[in-house]
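Below is one structure, written out as structure tokens; the observations come after it.
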Amino acid sequence: MKKGYFGTFGGAFIPEILHETFRRLTEAYESARKDPDFWREYLDVMENYSGRPTPLTHAENLSAHFGRKIYIKREDLNQTGAHKANNVMGQGLLVRRMGKKRVIAETGAGQHGVATATMAARMGFECVIYMGAKDVERQRPNVFWMQQLGATVVAVTSGSCTLKDAINEAMRDWVGSMDDTHYVLGTACGAHPFPEMVSWFQSIIGMEARQQILKQAGCLPNRVYACVGGGSNAMGIFQGFMDDPQVELVGVEAGGEGIATGRHASRLASEDGRVGVAHGYRTLFLQDDDGQMRETHSVAAGLDYVGVSPILAHLHTTGRVRFAAADNREVVAALKTLMRHEGLIGALESTHAVARAFAEMPHMQEGSVVIINLSGRGDKDIFTIADALDDPGWREFILEKARQYQNR
Amino acid sequence: MMNATSKSLLQDRVRACPDPIQVMSHLVLGYPSLEENRLVMDHMVAAGVHIIELQIPFSEPIADGPIIARANQESLRQGFRVEDGLNFIAESCRRYPIPILIMTYANILMARGTEAFIQRAAGMGVRGLIVPDLPLEEAGGAMEWCQSYGRGGLDWIRLFTPTSPDSRLQTLGREACGLVYCVARRGVTGQRTEFDPTLMEFLNRCRAATHAPLALGFGVRSRADVQSLAGKVEIAVVGTAAIEIHLTQGAEAVGRFFAGLK
Ligand SMILES: Cc1ncc(COP(=O)(O)O)c(C=O)c1O
């Protein structure tokens with residue numbers, strides 16, 4: 001198989017001007033991967049800066065409620081509150097090795113942007129984050145934190161003003177700045193070596209989870225659930241169980257307003273995904289007959305994306321991973337249940353995995369063991385969730401706050 | 001695979017032209033409209049433009065700067081369909097006595113089937129295809145189809161860039177046909193380019209790497225820019241500057257602008 005390909009997916013569809021940059025990046029990545037010191041340094045940073053290993057929590061109340069043993073992998077407890085830290089710290093170490101001084105990144109929910117900004121602050125890099133104007137609006141708290149961390153946030157007003165357009169804008173920066181700049185791609189997508197490299201850094205989730213479940217439950221899980229935006233947290237936890245065929249792996253995409261409405265972001269779980277090339281790689285995209293990318297929809301900005309990891313597209317084809325969707329309503333309902341039963345505030349992205357797991361629990365054999373990857377925490381979603389729950393107290397607070405600002 | 005001595009209608013045409021420097025212009029189809037595109041092309045051809053590059057809009061134009069990217073987006077927002085674009089291109093090939101090239105992104109070809117797209121382009125008389133996100137490593141099939149359906153009429157256009165080491169330029173240049181598109185600098189279309197010794201040195205590296213004619217694009221905006229390229233490359237490519245003039249001063253001004261470049 002051609003390098004960088006997973007079945008027929010993947011590749012490196014990059015402008016010629018970046019050919020040399022990708023050659024060097026691939027070289028740096030491959031040499032890091034062969035070097036045990038690199039991974040040791042990575043583990044050290046993750047332990048002492050990001051708080052790893054993250055716990056695997058036995059969700060006792062939910063387990064009692066559903067009659068199945070539910071475990072939750074706590075990626076929400078990472079530095080900056082999501083699995084994104086695993087990827088950015090790894091790439092940061094690589095940037096150091098390559099001797100570059102500036103990092104750029106795209107961000108949807110803002111989680112990857114915040115994670116990149118913390119990494120840049122810690123490692124001493126200049127940092128620019130590209131974010132769709134629509135996402136800047138719905139994820140304002142993260143914009144605030146990125147700026148406080150010293151990053152420049154550029155609101156992208158082209159295209160649909162969401163994640164895909166932020167990727168395009170970051171690429172436009174990179175084709176001019178590659179000499180001193182690394183593009184810290186936030187998920188397991190894009191041109192080779194990104195899908196493979198990001199999955200490698202995220203594999204730390206699965207390595208830990210496998211050991212933890214064996215220790216706590218005394219057996220492998222029957223199923224593992226993870227939400228799928230670009231696919232990095234899913235790839236991360238799935239890799240821990242890839243070679244255990246008895247473990248069913250379930251990727252949960254954004255059902256948005258419902259698959260039937262066409263307003264969703266389910267590239268694999270719906271029939272709407274078609275093979276194409278964009279953003280540097282070949283995968284299933286939500287696109288029209290002309291090959292133009294469609295608008296996607298989800299209550300979770302981090303899942304609101306037209307493409308999906310070429311590795312997951314391949315695992316979909318081979319049947320190793322099953323894909324399903326959870327829609328906006330199911331997600332908000334599941335979040336309430338998760339908060340009330342376990343005291344966990346999941347990110348809206350992560351709660352897609354929770355929602356789908358809840359929906360499937362009644363159909364599983366009693367006593368089955370399940371892991372749900374809680375990829376991030378929901379603090380950033382406070383405005384969106386308060387709206388979805390139509391919380392009167394919150395509304396009053398915002399109105400009062402606005403009055404105060406106006407009177408200044 | 002075609003080499004420098006085998007036939008290419010585009011290459012023959014460029015070689016046969018006595019002008020010290022030739023000009024290639026660029027348009028985004030459907031922006032502001034296909035009717036306006038037609039009008040501008042009439043003026044361009046009357047002003048003596050040698051080659052026209054027609055861009056089929058794509059929703060993710062990563063290699064394009066803000067002006068051309070916005071033109072892509074605006075054309076799509078107004079409902080541009082690829083079928084209408086292809087019909088327009090076919091008509092252009094019949095209407096104008098100069099070579100017409102297509103520039104677009106890989107997914108536009110893939111959506112119709114890359115082979116079917118190339119077969120159709122060859123049949124229409126399109127002389128070259130420029131697809132910036134289909135690098136050599138991924139373009140094997142496309143290059144063969146250009147050869148088999150075009151038989152020298154349709155060339156797969158390769159790109160040279162300043163970040164390519166000599167070895168890469170050699171690899172790209174060895175079997176280049178039609179012309180080689182040299183990207184003047186890092187960055188996207190529409191930004192300033194310095195026509196300085198560094199650029200001239202890059203062009204010397206390009207010349208040494210291929211027998212095919214050279215076209216230089218990205219940031220060529222004025223008569224002085226174009227004239228400074230005479231003797232260095234066969235073709236100067238003018239894109240963003242013409243779009244700006246069209247937007248602010250109209251189609252006729254585009255004609256005057258191109259007439260003034262010579
Ligand atoms: C908390 C959280 N989970 C999941 C995702 C989706 O990304 P991926 O599929 O790469 O894990 C995001 C993206 O922003 C996120 O913030």
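Reminder, nothing fancy here: chain letters follow the sequence lines and each chain counts from 1.
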Where on [X] is there a heavy atom nearer than 4.5 Å to chain A: the side chain, the backbone, both, or neither?
X	value
B:Arg185	backbone
B:Gln73	side chain
B:Tyr105	neither

Stepwise side chain to side chain contact (heavy atoms under 4.5 Å, CB included) check, B:Met110 with A:Arg282: CA-CA 10 Å; B:Met110 279 191 66; A:Arg282 182 183 161 102; 3.2 Å; yes
Distance, nearest 0.5 Å, that separates CD of A:Gln292 from CG of B:Asn107: 8.0 Å
For each of [options], tally heavy-atom pairs with chain A at distances under 4.5 Å, and name the one with the top tally.
options	value
B:Ala63, B:Ala106, B:Pro135	B:Pro135
B:Ile56, B:Leu76, B:Val183, B:Asn72	B:Leu76
B:Pro162, B:Pro61, B:Ser59	B:Ser59
B:Arg81, B:Arg168, B:Gln191, B:Arg77	B:Arg168
B:Leu134, B:Leu109, B:Leu136, B:Asp64	B:Asp64

Pairs of heavy atoms under 4.5 Å with chain B: top-ranked of A:Asp288, A:Asp179, A:Val306: A:Asp179
Best-contacting candidate, A:Ala12, A:Gly11, A:Ser177, against chain B by heavy atom pairs under 4.5 angstrom: A:Ala12
Show the nearest heavy-atom pair for residues [X] and [Y], with the distance to one decimal.
X	Y	answer
A:Ala278	B:Glu60	CB-CG, 4.4 Å
A:Val175	B:Val188	CG2-CG1, 3.7 Å
B:Phe58	A:Met293	CZ-CE, 4.4 Å
A:Ile17	B:Arg186	CD1-CA, 3.8 Å

Enclosure of A:Arg33 CZ (heavy-atom neighbours >12, cutoff 6.0 Å): yes
Side chain to side chain contact (heavy atoms under 4.5 Å, CB included) assessment of A:Glu20 paired with B:Ser164: CA-CA 6 Å; A:Glu20 188 62 12; B:Ser164 326; over 6 Å; no
